[in-house]
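Encoded as structure tokens, the structure appears first; notes follow it.
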2 protein chains.
Amino acid sequence: MIVQNASHPIPTPGNIYGYITAPTEAPGSLETMGVPMTFKRNSEIYGEKEPSDYLYKVTTGAVRTYRILADGRRQIGAFYLPGDVFGLESRKTHVFSAETITDSKLVAIKRSTIVTLAARDSAVARELWNVTTCELERVQQHLVALIKSAEERVAGFLLEMAKRTPGTNQVQLPMSRQDIADYLGLTIETVSRTMTHLESTAAIALPSSRCVVLRNKVTLGRLNS
Amino acid sequence: MIVQNASHPIPTPGNIYGYITAPTEAPGSLETMGVPMTFKRNSEIYGEKEPSDYLYKVTTGAVRTYRILADGRRQIGAFYLPGDVFGLESRKTHVFSAETITDSKLVAIKRSTIVTLAARDSAVARELWNVTTCELERVQQHLVALIKSAEERVAGFLLEMAKRTPGTNQVQLPMSRQDIADYLGLTIETVSRTMTHLESTAAIALPSSRCVVLRNKVTLGRLNS
DNA sequence: CGACCATTTGATATGGATCAAGCGATGTGG
DNA sequence: CCACATCGCTTGATCCATATCAAATGGTCG
């Protein structure tokens, strides 16, 4: 919410910073033409209604996109972790706002640059379509999650987070309970109670509030339907 | 649910039916390379988990996409009306199933054909990205709707339907109350009660259950946040 | 140590679900 | 042409999962 870094280094088309460190295996070509940017935690990256001139790829840190309704309710659209691309969700102007959750490094890629490149290079065009469809699939899943019970939503969320931190059953949550609640369409109290309950049934362990160990994925998966 | 038309006319790459009648203004080039198909009402177009080999454009009629959870709950992902394109929501296999709501005519377009064409023609590639992003935007809106109150959801739904039948405040609903309920994450009873309530506050008129007249869009819009 | 913030826990309220009839339109067979 | 079954929708009564309100706990930082 609090903008700690309002002055974006505006990348220009002529910029030739190459961003080299390959984050994961994912979308290969895109980040090579982007500009690295650094944000403090809870910084606005873009606001709802702003023109969507850039796509972003997370290098380190974590990002949330969200929308605030007239009466203050907030819906979080997604959490983006290292390797994820965001800013695709709109054509002209953003439907959601984006903020960092923790101190983060991103790569910003000018939309027009990609569009131009995509017009020439069909591999880029295809990549772009691919990433967008991935995002669409993700939102569809999220949509389905919102009709489930509180326990199913939380279990699903934890499994989703675990899948994104492969190789371990221990999940470090960069986001607050309030963020999780607004992502799942629940209240902070319900999220907390549900976590406690999952712990009491030995489905998870909670060494600390931001660290969850999945002890019984089968149980969690069953809850997930 | 009941499959009345299980034998799809499988379109082949060699098919040279040109589909000429331009439905609306929207996505121009896509349907010209498709194959027209006719479905009775409540026919399955494709099932969840099936490979997503085709995109479809609605010519006449109406389509719903949906997902059934283990315990039978159904979430409707979207309603598609004449001019709309669907089947984009996945890369390899469908995440949702699709059914006609009423007798319908569709144009089926082979995915591989489009991909091939998109590789050659950047206008097609761009169109494809555009349609997908539109769909993404729509799902995001839907997501946000699901955290609202029952009355807001119903009001929002009616406004959305009205926007898709321009030039009039009278909306003909091709879908049942159950469909609307499953789209909005409510029960049929709640949808019905909410409609009745909106009628009693003169926000809408209900000449018949499938016909809604929006009498006060301002009130409805306010509810919509 | 004390202030602050995030989280948990407890008590109560409520919106929408569930269970249960009733009603009106449509269709079917006698 | 009418009795009656069927189906989609509405209306009513009650229940419950989650929200709301309130307070206690715990962790972090100056």
Side-chain angles (χ1 to χ4, degrees), chain A residues 1-2 41-42 62 64 69 71-75 101-103 145-158 171-201 204-212 223 225, chain B residues 1-2 41-42 62 64 69 71-75 101-102 145-158 171-201 204-212 223:
Chain A
M1 308 276 199
I2 301 149
R41 72 196 209 94
N42 293 322
R64 62 180 164 249
L69 300 186
D71 62 354
R73 280 169 297 180
R74 180 181 71 158
Q75 174 64 41
I101 295 171
T102 59
D103 293 353
L146 290 194
I147 65 160
K148 298 185 184 177
S149 72
E151 194 157 44
E152 290 168 322
R153 291 186 221 189
V154 173
F157 171 72
L158 294 176
V171 181
Q172 293 295 334
L173 300 173
M175 70 291 284
S176 70
R177 291 286 186 270
Q178 187 64 65
D179 286 337
I180 298 173
D182 290 349
Y183 178 71
L184 297 177
L186 299 169
T187 59
I188 184 178
E189 293 95 331
T190 299
V191 171
S192 181
R193 273 188 252 271
T194 306
M195 292 269 206
T196 307
H197 181 245
L198 289 175
E199 190 183 23
S200 78
T201 59
I204 64 171
L206 279 168
S208 80
S209 72
R210 298 292 183 101
C211 177
V212 183
L223 285 173
S225 281
Chain B
M1 309 282 201
I2 301 150
R41 73 196 208 94
N42 295 323
R64 62 180 165 250
L69 300 186
D71 61 354
R73 279 169 297 181
R74 182 180 69 158
Q75 174 64 42
I101 295 171
T102 59
L146 290 194
I147 65 157
K148 298 183 184 177
S149 73
E151 194 155 44
E152 291 169 321
R153 290 185 220 190
V154 173
F157 171 72
L158 293 175
V171 181
Q172 294 294 336
L173 300 172
M175 70 291 284
S176 69
R177 291 286 186 272
Q178 187 64 63
D179 286 338
I180 299 174
D182 290 348
Y183 178 71
L184 298 177
L186 299 170
T187 59
I188 184 179
E189 293 96 329
T190 300
V191 171
S192 181
R193 275 188 252 271
T194 306
M195 294 268 206
T196 308
H197 182 244
L198 289 174
E199 188 182 25
S200 78
T201 59
I204 64 171
L206 279 168
S208 79
S209 72
R210 298 290 184 104
C211 176
V212 183
L223 284 173

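Residue numbering restarts at 1 for every chain, and letters A, B, ... go by the order of the sequence lines.
You'll find that the side chain of A:Ile188 is closest to C:dT8, out of D:dC9, C:dT8, C:dG16. Of the candidate nucleotides D:dT20, D:dT18, D:dG12, D:dT18 has the atom lying nearest to any side-chain atom of A:Leu186.
With a 4.5 Å cut-off on side-chain heavy atoms, A:Ile180 and A:Met195 count as touching. Under the 4.5 Å side-chain criterion, counting only non-hydrogen atoms from C-beta, B:Leu69 is in contact with A:Ile147. A heavy-atom distance below 4.5 Å is not found between the side chains of A:Pro174 and A:Arg210. Within the 4.5 Å cutoff, side-chain heavy atoms of A:Leu206 are placed close to those of A:Val212.
Residue A:Arg210 is in sugar-phosphate contact alone, with no base atom involved, counting any heavy-atom pair closer than 4.0 Å across all strands shown. Within the nucleic acid shown, B:Thr196 comes within 4.0 Å of sugar-phosphate atoms alone, with no base atom in reach, counting heavy atoms only. Counting any heavy atom pair closer than 4.0 Å across all strands shown, A:Ser149 reaches sugar-phosphate atoms only and no base atom.
The side chain of B:Thr190 places an N or O atom within less than 4.0 Å of a non-bridging phosphate oxygen (OP1 or OP2) of C:dA17. Here A:Thr187 reaches the OP1 or OP2 of D:dA19: one of its side-chain N or O atoms lies under 4.0 Å away.
The terminal axes of the helix from C:dC1-D:dG30 to C:dG30-D:dC1, fitted over 5 pairs per end, subtend an angle of 30° to the nearest 10°.
Sequence order on DNA chain C of the closest nucleotides to A:Ser192 and B:Glu189 puts A:Ser192 first from the 5' end.
Between the base of C:dG10 and the side chain of A:Arg193 there is a donor-acceptor pair shorter than 3.5 Å.
A:Ser192 places no side-chain N or O within donor-acceptor distance of the main-chain N or O of A:Glu189, the cut-off being under 3.5 Å. A donor-acceptor pair is defined here as one N or O able to donate and one able to accept, closer than 3.5 Å; no such pair exists between the side chain of B:Asp182 and the backbone of B:Gln75. The backbone N or O of A:Tyr183 lies less than 3.5 Å from no partner atom in the side chain of A:Arg64, so there is not a single donor-acceptor pair.
Atom CG of A:Leu206 and atom C1' of C:dT9 are 14 Å apart (whole Å). Between B:His197 atom NE2 and C:dG16 atom C1' the separation is 14 Å, expressed in whole Å.
Less than 4.0 Å separates DNA chain C from no heavy atom of any residue of residues 172-184 of chain B.
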Does the pair B:Val171 and B:Phe157 meet the rule for a side-chain contact (heavy atoms from CB on, under 4.5 Å), with working shown? CA-CA 11 Å; B:Val171 181; B:Phe157 171 72; over 6 Å; no
Apply salt bridge (charged side-chain N to carboxylate O under 4.0 Å, His left out) to the pair A:Lys148 and B:Asp71, showing each step before the final yes or no. CA-CA 11 Å; A:Lys148 298 185 184 177; B:Asp71 61 354; over 6 Å; no
